[in-house]
Amino acid sequence: MTSLRLHNTMSGQTETFTPLVAGQVRMYTCGPTVHDYAHIGNFRSFLFEDLLRRVLIQNEYQVTQVMNLTDVEDRIIKKAADKEITIDEFTEPYIEAFFEDLDTLRIERAEHYPRATRHIFEMVSLIEVLNEKGHTYVSDGSTYFRIATFPRYGRLAHLDVSGLKAGARVDVDDYGKDDPRDFVLWKARKPGEQSWDTPLGAGRPGWHIECSAMSMKYLGESFDIHTGGVDNIFPHHENEIAQSEAATGKTFARYWLHAQFLQDAVGAKMSKRLKNFSTLREVLAEGYQPRAIRYALMTGAHYRSPLAFSPELLKAADSAVKRLDEFAVRLGPIPSPPVGVGQGGGGDVQQRWDDALCDDLNLPAAVGHLFEFIKTFNTRLESGKATADERAGAMAMLRHANRILDVITFPQAVDAEVERMITERQAARDRRDFARADQIRQQLLAMGIQLDDTKDGTRWKRIR
RNA sequence: GGCGAGUUAGCCAAGUGGUAAGGCAGAGGUCUGCAAAACCUCCACCGCGGGUUCGAAUCCCGCACUCGCCUCCA
């Protein structure tokens, strides 16, 4: 089997992936901040993480994936306070909606979905370790991480930290600190804010500490893969590394993978601030199928390239997915027992498919190989040369690809009622009673069944 | 200003030294009682200018333009 190669932001190189423990992968995938519905751009990242997970599993790794739910943060606190409800009351509907959206897009569930508010103790403990090791200071009741005590700071983002002092956006934080580069670990309680009473004082955790505390709890002090959107590289992931490695003295995450943004139709980053985003629900309301959205976001571009989200992209995805469906229909009934991929009609397409995915998850290239195969095989089907074994091999390949894509609708087993109506229609056609034949065709269409008359007889498929 | 990514057909996109995968759209054709669908075929001098090389979309230099990050945004 080809070895899996992944692009590591830390080195800037595509590296051969070797897990810490053979056969097992522990990974932490940055999840949503549940202050609102996740937008379609957020889901590009989650679909990238789903792709990674599925490819790892396909490569026979046992995967332990953790996805955090950030349920305490400035926006959440403000919004909850405005509504005069608790943080939990405020975030609950968005958490529920998030899981519904995951299901809609067929994103596989992670093993753990820890919530920040349920891990205050772990965060406080970690901060206490940092206190003991002299990496922190207190100002106005808040605890800060002192960057000057961590020389490697900036390695992930490849930033020259001395330049940050002159940065254009210093001091946007609501809280004061000694040095603009420092970041807050524990925020002192402010009037009217929900807070936790801890040895660090009354307050709440900073943004970054949750990911360090929760990843270490579920994955250990050192684990294999950490992912997120490119905007997480700095400061979020940089800060996670600083506080984690300062506390443990060990390498935090070994491979850092980052998904590029989804852009709006004119090429700007999709963000809440610009209001140029859509939620998944809004896109569905426009009539697009979930699988077309999934396909568009996964195959529209390699995960490290920007992708512009547009109606054209979705329409193209919808047509492409239907072409895959159609191929499955054309293969017809597959004799049992099915043969393996590669036997018969599969050829070496599976190898090319797998190789592309092992090359830093190059799904767009893999899909190209798949369609190339489909075109070639269609010619064989058309000429009637394809054997039953070849058709079974092609079907096996389609199912193999769908373990990653998860968008294909395979033809269902024989439907007796549909078969009976088709037979009746054929009889009508044979006696040239086309009025009756067309009537039956209309009935089936109303049932969501579309008929295709071919020289080999009538095929049918569900169109909804 | 610093750092990073990018510029391939009407649109999306793969391709990192040997003369351009694939999808969508479009045109033509096949099939067909009609229709719809489907299938096939066709469709690119790879941002601009130099250079290296027998050979470059692919390497080097310069230029132009786009996008992102530079403290709480996937």
Side-chain angles (χ1 to χ4, degrees), chain A residues 9 12 29-33 38-49 70 73-75 154 157-164 166-174 177 180-184 206-208 227-236 238-239 258-263 267-274 295-296 299-302 304-308 310 312-313 315-323 326-327 329-330 352 356 362-375 378-379 381-382 429 432-434 437-438 441 445 450-455 459 461 463:
Chain A
T9 304
T29 50
C30 267
T33 301
H39 63 68
I40 201 76
N42 300 132
F43 283 109
R44 183 182 187 200
S45 288
F46 304 139
L47 280 164
F48 147 68
E49 288 156 0
T70 299
E73 172 257 5
D74 284 357
R75 290 167 298 187
H158 306 108
L159 280 177
D160 177 1
V161 289
S162 62
L164 290 182
R169 290 174 62 190
V170 257
D171 207 20
V172 302
D173 202 286
D174 289 348
K177 48 194 168 186
R181 301 174 302 164
D182 295 337
F183 60 93
V184 68
W207 177 33
H208 317 294
T227 74
V230 286
D231 53 350
N232 284 149
I233 296 172
F234 192 90
H236 185 48
E238 196 67 58
N239 291 351
H258 293 98
Q260 255 296 350
F261 290 127
L262 190 65
Q263 304 176 329
K269 171 184 173 182
M270 199 175 266
S271 71
K272 298 268 174 176
R273 197 161 48 82
L274 294 173
Y295 184 91
T299 71
H302 184 260
R304 283 192 291 116
S305 295
L307 176 65
S310 65
E312 291 71 31
L313 178 74
K315 284 171 191 155
D318 187 60
S319 298
V321 168
K322 283 179 177 152
R323 185 162 157 85
E326 188 64 28
F327 184 61
V329 171
R330 283 177 64 87
R352 281 178 296 173
N362 195 341
L363 187 58
V367 166
H369 295 137
L370 178 63
F371 276 106
E372 193 176 19
F373 165 71
I374 288 174
K375 184 189 283 190
N378 268 330
T379 304
L381 285 170
E382 202 69 16
R429 291 178 78 204
R432 303 194 70 77
D433 180 0
F434 296 123
D438 289 350
R441 183 165 67 194
L445 197 58
Q450 180 176 287
L451 299 186
D452 305 329
D453 294 327
T454 76
K455 61 177 181 290
R459 288 200 308 257
K461 64 186 172 192
I463 53 174

Visitor: Report the distance from atom CG of A:L307 to atom CD of A:Q263, rounding to the nearest 0.5 Å.
Guide: 8.0 Å
Visitor: Could you please name the partner base of B:rU71, counting Watson-Crick and G-U wobble pairs only when both distances are under 3.5 Å?
Guide: none
Visitor: Of the candidate nucleotides B:rA25, B:rC39, B:rG22, which contains the atom at the shortest distance from the side chain of A:F371?
Guide: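 So the side chain of A:F371 is nearest to B:rG22.
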Visitor: Taking B:rU19 as the reference, what is the distance to B:rA38 when you measure between their C1' atoms (whole Å, please)?
Guide: 35 Å
Visitor: If we take the P atom in both B:rC43 and B:rG23, what is their distance in whole Å?
Guide: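 That atom pair is separated by 14 Å.
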Visitor: Provide the distance between the two C1' atoms, one in B:rG15 and one in B:rU30, to the nearest whole Å.
Guide: 33 Å
Visitor: How far does the P atom of B:rG55 sit from the matching atom of B:rC40, given to the nearest Å?
Guide: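 That atom pair is separated by 39 Å.
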Visitor: Give the C-alpha distance, both sets of side-chain angles, the deciding distance and a yes or no for side chain to side chain contact (heavy atoms under 4.5 Å, CB included) between A:M270 and A:R44.
Guide: CA-CA 11 Å; A:M270 199 175 266; A:R44 183 182 187 200; over 6 Å; no
Visitor: Could you state the atom-to-atom distance from CD of A:E326 to P of B:rA36 in whole Å?
Guide: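 Atom-to-atom, A:E326 to B:rA36, this comes out as 15 Å.
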Visitor: So does A:K315 pair up with A:D318, basic N to acidic O under 4.0 Å?
Guide: no
Visitor: What distance, rounded to whole Å, do you find between the two C1' atoms, one in B:rG18 and one in B:rU58?
Guide: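 Going atom to atom, C1' in each nucleotide, I get 11 Å.
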Visitor: Is A:T379 touching bases, backbone alone, or none of the nucleic acid, heavy atoms closer than 4.0 Å?
Guide: sugar-phosphate
Visitor: Check the distance between B:rA14's P and A:N362's CG and give it to me in whole angstrom.
Guide: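 Rounded to the whole Å, the gap is 7 Å.
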Visitor: Under 3.5 Å, which N/O atoms of the protein pair with N/O atoms of nucleotides 32-34 of chain B?
Guide:
{"residue": "B:rG33", "atom": "N7", "partner": "A:R429", "partner atom": "NE", "Å": "3.4"}
{"residue": "B:rG33", "atom": "N7", "partner": "A:R429", "partner atom": "NH2", "Å": "3.4"}
{"residue": "B:rG33", "atom": "O6", "partner": "A:R425", "partner atom": "NH2", "Å": "3.4"}
{"residue": "B:rG33", "atom": "N1", "partner": "A:D438", "partner atom": "OD1", "Å": "2.9"}
{"residue": "B:rG33", "atom": "N2", "partner": "A:D438", "partner atom": "OD2", "Å": "3.0"}
{"residue": "B:rC34", "atom": "O2", "partner": "A:R441", "partner atom": "NH2", "Å": "3.1"}
{"residue": "B:rC34", "atom": "N3", "partner": "A:R441", "partner atom": "NH1", "Å": "3.0"}
{"residue": "B:rC34", "atom": "N3", "partner": "A:R441", "partner atom": "NH2", "Å": "3.3"}
{"residue": "B:rC34", "atom": "N4", "partner": "A:R441", "partner atom": "NH1", "Å": "3.3"}
{"residue": "B:rC34", "atom": "N4", "partner": "A:D453", "partner atom": "OD2", "Å": "3.1"}

Visitor: Please report, rounded to the nearest Å, how far the C1' atom of B:rU71 is from the CG atom of A:D74.
Guide: 12 Å
Visitor: Below 30° counts as parallel, above 60° as perpendicular, anything between as tilted: where do the rings of A:H208 and A:F183 land?
Guide: perpendicular
Visitor: Name the nucleic acid region contacted by A:H302, choosing base, sugar-phosphate or nothing; use a 4.0 angstrom heavy-atom cut-off, strictly under.
Guide: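 Answer is sugar-phosphate: A:H302 comes under 4.0 Å of backbone atoms only.
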Visitor: Can you build the contact string for nucleotides 5-11 of chain B? Use B for base contact, S for sugar-phosphate-only contact, and - for no protein heavy atom under 4.0 Å.
Guide: -------
Visitor: So which nucleotide from B:rG68, B:rG15, B:rA13 ends up closest to the side chain of A:A268?
Guide: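 Closest nucleotide to the A:A268 side chain: B:rG68.
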Visitor: Of the candidate nucleotides B:rC24, B:rA14, B:rC72, which contains the atom at the shortest distance from the side chain of A:P364?
Guide: B:rA14
Visitor: With a 4.0 Å limit, can you tell me whether A:S319 has a side-chain N or O closer than that to the phosphate oxygens OP1/OP2 of B:rA25?
Guide: yes
Visitor: Find the distance between NE2 (A:H258) and CD1 (A:I233) and round it off to the nearest 0.5 Å.
Guide: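 Between atom NE2 of A:H258 and atom CD1 of A:I233 there are 4.5 Å.
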Visitor: B:rC70 and B:rG22: how far apart are their C1' atoms, nearest whole angstrom?
Guide: 38 Å
Visitor: Of the candidate nucleotides B:rU71, B:rC39, B:rA14, which contains the atom at the shortest distance from the side chain of A:P235?
Guide: B:rU71
Visitor: Expressed in whole Å, how much space separates the C1' atoms belonging to B:rU8 and B:rA21?
Guide: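 Going atom to atom, C1' in each nucleotide, I get 12 Å.
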Visitor: Taking B:rC31 as the reference, what is the distance to B:rU41 when you measure between their C1' atoms (whole Å, please)?
Guide: 15 Å
Visitor: Applying the Watson-Crick and G-U wobble criteria at under 3.5 Å, what pairs with B:rG17? Answer none if nothing qualifies.
Guide: none
Visitor: A:F46 has an atom CZ; how far is it from atom C1' of B:rC73, in whole Å?
Guide: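 Taking CZ of A:F46 and C1' of B:rC73, I get 12 Å after rounding.
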Visitor: Quickly work out the A:H369 NE2 to B:rG15 P distance and round it to whole Å.
Guide: 9 Å
Visitor: Looking at every strand, decide which applies to A:E49 at a 4.0 Å heavy-atom threshold: base, sugar-phosphate, or nothing.
Guide: nothing
Visitor: For A:G41, report the nucleic acid contact type (base, sugar-phosphate, nothing); a contact means any heavy atom under 4.0 Å.
Guide: base
Visitor: Tell me, do A:R323 and A:K375 make a side-chain contact under 4.5 Å, heavy atoms counted?
Guide: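 Yes, at least one pair of side-chain atoms sits under 4.5 Å.
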Visitor: On RNA chain B, nearest-nucleotide positions of A:S271 versus A:Y295: which is more 5'?
Guide: A:Y295
Visitor: Under 4.0 Å, heavy atoms only, any strand: does A:N378 hit a base, just the sugar-phosphate, or nothing?
Guide: sugar-phosphate
Visitor: On RNA chain B, does the nearest nucleotide to A:A365 precede the nearest nucleotide to A:E372 from the 5' side, or the other way round? Give the residue.
Guide: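 Comparing both residues, the 5'-ward one is A:A365.
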Visitor: Let's test this: given Watson-Crick or G-U wobble pairing with both distances under 3.5 Å, identify the partner of B:rU66.
Guide: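 Pairing partner: B:rA5.
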Visitor: Please walk me through it: do A:F327 and A:L381 pass side chain to side chain contact (heavy atoms under 4.5 Å, CB included)?
Guide: CA-CA 10 Å; A:F327 184 61; A:L381 285 170; 4.1 Å; yes
Visitor: Just checking A:G368: base, sugar-phosphate only, or nothing, at a heavy-atom cut-off of under 4.0 Å?
Guide: base
Visitor: For B:rC39, take OP1 and OP2 only and decide whether either is under 4.0 Å from a side-chain N or O of A:R330.
Guide: no
Visitor: Looking for any heavy atom pair under 4.0 Å, which part of the strands does A:L451 touch: base, sugar-phosphate only, or nothing?
Guide: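 Result for A:L451 = base.
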Visitor: Could you check whether A:E73 and A:T33, counting side-chain N and O atoms only, form a donor-acceptor pair closer than 3.5 Å?
Guide: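 Their side chains do not contain a donor-acceptor pair, so the 3.5 Å distance test is not met.
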Visitor: Does the base of B:rC39 carry an N or O that pairs as donor and acceptor with the side chain of A:K375 under 3.5 Å?
Guide: no
Visitor: Who are the side-chain hydrogen bond (donor to acceptor under 3.5 Å, both in side chains) partners of A:D452, not counting sequence neighbours?
Guide: none
Visitor: Could you please name the option among B:rG22, B:rA14, B:rG68 that lies closest to any side-chain atom of A:V230?
Guide: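 Ranking B:rG22, B:rA14, B:rG68 by closest atom to the A:V230 side chain puts B:rG68 first.
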Visitor: Under 4.0 Å, heavy atoms only, any strand: does A:L262 hit a base, just the sugar-phosphate, or nothing?
Guide: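 The residue A:L262 makes base contact.
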Visitor: Measure the spacing between CZ of A:F48 and NE2 of A:H302 and express it to the nearest 0.5 Å.
Guide: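 Between atom CZ of A:F48 and atom NE2 of A:H302 there are 9.0 Å.
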Visitor: Roughly how many Å is it from NZ in A:K461 to P in B:rA36, rounded to a whole number?
Guide: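 Rounding to the nearest Å, NZ of A:K461 and P of B:rA36 are 14 Å apart.
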Visitor: May I ask which nucleotide in the shown strands pairs with B:rC42, Watson-Crick or G-U wobble, both distances under 3.5 Å?
Guide: B:rG26
Visitor: Going by an N to O cut-off under 4.0 Å, is there a salt bridge joining A:R459 and A:E326?
Guide: yes
Visitor: May I have the distance from A:M270 (atom CE) to B:rG68 (atom P), rounded to whole angstrom?
Guide: 13 Å
Visitor: Base, sugar-phosphate alone, or nothing: which one does A:D182 contact when heavy atoms must sit under 4.0 Å apart?
Guide: base
Visitor: Report which part of the nucleic acid A:A320 touches: base, sugar-phosphate, or nothing (heavy-atom distance under 4.0 Å, all strands).
Guide: sugar-phosphate
Visitor: Whole Å only: how far is the NZ atom of A:K322 from the C1' atom of B:rC39?
Guide: 17 Å
